[in-house]
Amino acid sequence: MKKETHISYEYFNNKGELNDIEKKLFAKAKEARENAYAPYSHFLVGCSVLLENGEIYTGNNQENAAYPSGLCAERTALFWIGANFPSEKIKKIFIVGGPKEFSEKNPPIPPCGSCRQSIIEYETKQNENIELYFSNLNDEVVKVHSIKDLLPFYFDGTFL
Ligand code: THU
C-alpha cells in the first residue's frame with residue numbers, strides 16, 4: 001500500500017514580512033553568527049531561541065581540531081538552555097547560516113539531522129511544538145510549524 005506524507009512551510013523573501021519578534025530573533029541569530037568559532041569549515045551559523053518567559057538566548061557553532069568534538073549552533077544554544085532553564089518552554093528557534101564569505105546565491109540553511117533529533121527531544125519533553133525558522137543572510141526565511149515537519153518518522157522517547 002502506497003502512502004504519502006507532505007509538509008507545509010512558509011517562505012518569506014524579505015525581512016519586512018516578519019513580525020516584530022521574528023525580526024528580533026533574526027537580528028539576534030545574525031549577531032550570534034558573527035561570534036561563531038569555525039576556523040575549519042569557515043561556515044558560520046547563529047541561532048536564537050525564544051523562551052516562554054520572553055527571554056531570548058543564542059548560540060553559534062563551536063568547532064574543534066578533532067572535528068567530531070565540535071558542536072552546531074542549535075545544540076550549543078539548546079543544551080545551555082536545557083541546563084539552565086529546564087522548566088522553561090521553548091517557543092521559537094531561528095537559525096541564520098552561511099559561509100564566512102557569503103554570496104547572494106547561498107540558500108537558507110536548514111538544521112542538520114542531529115540538531116533535528118535534538119530539537120524533537122525538547123518538543124517531546126515540553127509536549128508542545130517549537131516553531132522553527134531558518135535563513136541565509138539575504139533575508140530569505142523558511143518557517144515550519146514544528147521540527148517534526150523536517151523529520152518524518154522521527155524517533156523519540158515514546159518508543160522506549
Ligand atoms: N552547522 C551548524 O552549526 N548547524 C547546522 O545545523 C548545520 C551545520 C555547523 C557545523 C559546522 O561547524 C559547520 O556548520 C559546517 O558544517
Side-chain angles (χ1 to χ4, degrees), residues 5 7-13 15 18 21-51 55-85 89-126 128-157:
T5 184
I7 68 160
S8 59
Y9 62 93
E10 285 178 64
Y11 175 80
F12 308 89
N13 66 5
K15 214 169 39 189
L18 300 175
I21 186 68
E22 292 167 338
K23 278 185 195 148
K24 192 167 179 186
L25 287 165
F26 194 169
K28 291 265 184 198
K30 227 171 180 172
E31 198 181 297
R33 179 182 172 275
E34 296 297 314
N35 290 326
Y37 177 63
Y40 305 105
S41 71
H42 307 290
F43 191 90
L44 312 185
V45 184
C47 170
S48 59
V49 181
L50 174 70
L51 302 184
E55 296 288 334
I56 296 172
Y57 295 98
T58 59
N60 46 38
N61 50 330
Q62 295 294 315
E63 297 188 347
N64 193 286
Y67 293 176
S69 299
L71 197 62
C72 290
E74 298 88 322
R75 279 174 290 157
T76 302
L78 287 170
F79 292 168
W80 189 83
I81 289 166
N84 290 285
F85 306 101
K89 283 187 177 171
I90 297 166
K91 301 299 284 181
K92 294 174 188 284
I93 298 176
F94 208 118
I95 306 161
V96 178
K100 195 171 167 59
E101 302 305 329
F102 181 78
S103 110
E104 303 238 318
K105 293 196 190 100
N106 295 119
I109 298 302
C112 78
S114 296
C115 288
R116 294 178 198 204
Q117 182 67 31
S118 296
I119 298 167
I120 280 180
E121 185 69 28
Y122 291 104
E123 281 204 355
T124 303
K125 178 187 172 202
Q126 67 186 32
E128 207 175 288
N129 71 299
I130 298 171
E131 291 184 321
L132 183 99
Y133 302 75
F134 56 92
S135 175
N136 54 15
L137 275 81
N138 223 11
D139 293 350
E140 287 174 90
V141 181
V142 177
K143 174 185 177 186
V144 289
H145 170 72
S146 159
I147 189 65
K148 289 169 183 161
D149 286 333
L150 298 186
L151 199 59
F153 295 106
Y154 59 89
F155 177 81
D156 70 5

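In what follows, residues are counted from 1 in the order of the sequence shown. Remember, it's 1-based here, ligands and their atoms both numbered in the order they're listed.
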- request: Determine, for Glu74 against Arg116, whether the closest basic-nitrogen to carboxylate-oxygen distance falls under 4.0 angstrom.
  value: no
* For the residue pair Tyr67 and Tyr40, categorise the inter-ring angle as parallel (less than 30°), tilted (30 to 60°) or perpendicular (more than 60°). => tilted
Ligand 1 to Glu74, heavy atom cutoff 4.0 Å, flagged ligand atoms 2 (C), 3 (O), 4 (N), 5 (C), 6 (O)
For Ala73, the ligand 1 atoms with a heavy-atom partner under 4.0 Å come out as 2 (C), 3 (O)
Would you check if Tyr57 and Asn84 make a side-chain contact, meaning some heavy-atom pair closer than 4.5 Å?
-> no
- Query: Would you call the rings of Trp80 and Phe85 parallel, tilted or perpendicular if under 30° counts as parallel and over 60° as perpendicular?
  - Reply: perpendicular
Taking only non-hydrogen atoms of Ser41 and a 4.0 Å limit, the atoms of ligand 1 in range are 13 (C), 15 (C)
The closest protein heavy-atom partner of atom 9 (C) of ligand 1 is Asn61 ND2, 3.5 Å
Any chance you could lay out the side chain to side chain contact (heavy atoms under 4.5 Å, CB included) test for Asn60 and Leu44, step after step, and finish with the verdict? CA-CA 8 Å; Asn60 46 38; Leu44 312 185; over 6 Å; no
Task: Flag for Glu10-Tyr133: side-chain donor and acceptor within less than 3.5 Å - done: no
**Asked** Is the charged tip of Lys30 near the ring of Phe26: under 6.0 Å from the six-membered ring centre and within 45° of its axis?
**Response** yes
Any protein heavy atom nearer than 4.0 Å to atom 16 (O) of ligand 1: no
Note: ligand 1 atoms sitting under 4.0 Å from heavy atoms of Pro111 are 6 (O)
Quick note on ligand 1: atoms under 4.0 Å from a heavy atom of Glu63 include exactly 11 (C), 12 (O), 13 (C)
Logged contact type for Cys72 with ligand 1, heavy-atom cut-off 4.0 Å, is both
Q) Counting both backbone and side chain atoms, is some N or O of Cys115 under 3.5 Å from an N or O of ligand 1? A) no
